[in-house]
**Student:** 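First, the structure itself, so that you have it in front of you.
Positions are given from 1 along the sequence. Only this structure's heavy atoms are used, side chains among them; waters, hydrogens and symmetry mates stay out.
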Amino acid sequence: MHYNITQWLFFFYFYSFLGWCFESTWVSLKSKKFINRGFMRGPFLPLYGSGATMMLVVSMPFRDNVILTYFAGCVGATALEYVTGIAMETLFQVRYWDYSNRKFNFQGRICMRSTIVWGFFTIMMTNVGHRPVEQLVFSMPPKLLYYITLLLTIYIAADFALSFKAAIDLRNILAKMQRVKEELMRMQKRLDVISAFNNDEKEQKKHERVSRMDDLIESLGQRFNSIKEMIQNAPGAYMDSVRDEIAELRARYYLYMESRRNYKEMLDFYKRDMIRNNPDMVSTAFNDTLDDIKSVVSSEESK
């Protein structure tokens, strides 16, 4: 298989599109609604294009040996999936696919089942599927192939650039919302200490400690209202220094509430679309916060 750069690029785009068709169909059937699967907005999944291109490369020395072709595909595709997973998680702090619930997985990035399937895909593609694609490319006038590939390159490069920026922005929003959540949880602990110091066991039991963002905000709001009522009914219940601290905590609470609203408003259509397109995405660093954002996007869809 001797291809020029234009032909290699066309194969990459073609299999990226084919992978998108397969993945979107599979996930849409499971979700019972259409999902535009993938990192990008357009109908392309570069991981599949890279995998297919890699399969063609690694199988070249073993075209006449099915067993070696199979193992070459297993090793090559699994290595690509693992390296891509690490790179994306390092950059975006989000894992766009997760195999943690499958048997014989490694770090949730790769698993035995996928490795086995990659091997069979390599055999099917190199011995069966790729031949008509190759014939199609060879039958096209070189200039036509060049301009089609050029247009696809411009479109996919622009789409990837926008998707990359949206993913970086989403990572930054997750980090900022995580800091807000941590501050609110510290505030929750401090209110627990204040209640314990004043021997207010009833108030402590009334407001159990929570960690989910929406529940945390609601719980803190109720605590501040309860403390406000107590101060009004019994002005001497808290020392002046404690009352000043409560007032400061309440002011910070409203400040963090406003910050959270601002961060949620920063989730523009592109970032929301990215979350909808990857319902199984997880984050090791910000998983609870990511779940909060997912719930926001999901609630908007149900309206």
Side-chain angles (χ1 to χ4, degrees), residues 89 91-95 98 166-235 237-268 271-272 274-276 278-303:
E89 190 171 356
L91 279 171
F92 310 127
Q93 296 296 307
V94 169
R95 187 179 297 176
D98 183 39
I168 291 292
D169 290 344
L170 178 59
R171 180 200 66 184
N172 294 338
I173 291 172
L174 286 171
K176 291 174 181 177
M177 288 186 68
Q178 182 70 19
R179 286 196 290 270
V180 169
K181 182 177 181 179
E182 290 170 355
E183 286 295 327
L184 292 175
M185 292 185 73
R186 280 193 285 270
M187 195 177 294
Q188 179 180 242
K189 291 178 181 178
R190 182 56 188 159
L191 290 177
D192 286 344
V193 172
I194 292 173
S195 298
F197 182 78
N198 285 274
N199 297 317
D200 196 349
E201 296 181 4
K202 181 180 179 182
E203 187 66 22
Q204 278 188 287
K205 291 179 180 178
K206 180 181 176 182
H207 301 292
E208 296 180 357
R209 187 170 294 179
V210 294
S211 60
R212 188 174 176 273
M213 179 69 89
D214 289 339
D215 296 336
L216 180 60
I217 290 172
E218 183 180 357
S219 175
L220 284 172
Q222 291 174 354
R223 289 184 188 213
F224 282 121
N225 289 334
S226 297
I227 291 173
K228 182 180 179 181
E229 290 178 6
M230 185 175 295
I231 292 175
Q232 289 174 343
N233 296 330
Y238 296 95
M239 295 186 297
D240 289 343
S241 60
V242 175
R243 293 173 65 174
D244 290 341
E245 182 181 4
I246 293 172
E248 182 185 352
L249 289 173
R250 188 181 182 92
R252 286 166 56 194
Y253 167 75
Y254 285 116
L255 181 62
Y256 293 138
M257 284 281 291
E258 183 63 28
S259 298
R260 182 173 181 263
R261 278 193 290 268
N262 291 337
Y263 296 147
K264 288 170 67 175
E265 289 173 0
M266 289 170 64
L267 287 171
D268 60 20
K271 300 179 194 67
R272 294 169 194 265
M274 182 172 287
I275 292 170
R276 283 190 291 265
N278 299 275
D280 298 328
M281 69 193 306
V282 297
S283 173
T284 303
F286 313 120
N287 203 47
D288 290 340
T289 305
L290 179 59
D291 286 341
D292 289 332
I293 292 179
K294 282 182 178 181
S295 66
V296 170
V297 175
S298 178
S299 64
E300 290 177 350
E301 284 186 329
S302 60
K303 289 180 181 178

**Student:** Would you say the side chain of Val94 lies within less than 4.5 Å of the side chain of Leu174, judging by non-hydrogen atoms?
**Tutor:**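 In short, these two side chains touch, coming nearer than 4.5 Å.
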**Student:** Could you work out, with ring-ring contact (aromatic ring centres under 6.0 Å, His included) as the rule, every residue matching Tyr253, not counting sequence neighbours?
**Tutor:**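 Listed in chain order: Phe224.
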**Student:** Return the set of residues passing side chain to side chain contact (heavy atoms under 4.5 Å, CB included) with Ala247 (not counting sequence neighbours), or none when no residue passes.
**Tutor:**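 Ala247: no side chain to side chain contact (heavy atoms under 4.5 Å, CB included) contacts found.
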**Student:** Roughly how far, to the nearest 0.5 Å, is CG of Leu184 from CZ of Arg179?
**Tutor:**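 Reported to 0.5 Å precision, the distance equals 13.5 Å.
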**Student:** Tell me every residue that passes side chain to side chain donor-acceptor pair (under 3.5 Å) with Glu89, counting only those two or more places apart in sequence or in another chain.
**Tutor:**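 So Glu89 forms a side chain to side chain donor-acceptor pair (under 3.5 Å) with Arg95, Arg109, Thr284.
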**Student:** Counting only N and O atoms by type, is there a donor-acceptor contact under 3.5 Å from the side chain of Ser283 to the main-chain atoms of Leu290?
**Tutor:**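 Here the side-chain-to-backbone pair does not exist.
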**Student:** Residues two or more places apart in sequence or in another chain: which of them pass side chain to side chain donor-acceptor pair (under 3.5 Å) with Arg171?
**Tutor:**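 Partners of Arg171 by the side chain to side chain donor-acceptor pair (under 3.5 Å) criterion come out as none, since no residue qualifies.
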**Student:** What residues, two or more places apart in sequence or in another chain, satisfy salt bridge (Lys or Arg N to Asp or Glu O under 4.0 Å) together with Glu183?
**Tutor:**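 Partners of Glu183 under the salt bridge (Lys or Arg N to Asp or Glu O under 4.0 Å) test: Arg186, Arg252.
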**Student:** Looking only at non-hydrogen atoms, find the nearest pair between Leu170 and Met274 and report the distance.
**Tutor:**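 Scanning both residues completely, I find the closest heavy atoms to be CD2-SD, 4.5 Å.
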**Student:** Calculate, to the nearest 0.5 Å, the distance between atoms CG and CD belonging to Leu249 and Gln188 respectively.
**Tutor:**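 Those atoms lie 12.5 Å apart.
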**Student:** Measure the spacing between CE of Met187 and CZ of Arg250 and express it to the nearest 0.5 Å.
**Tutor:**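 Those atoms lie 11.0 Å apart.
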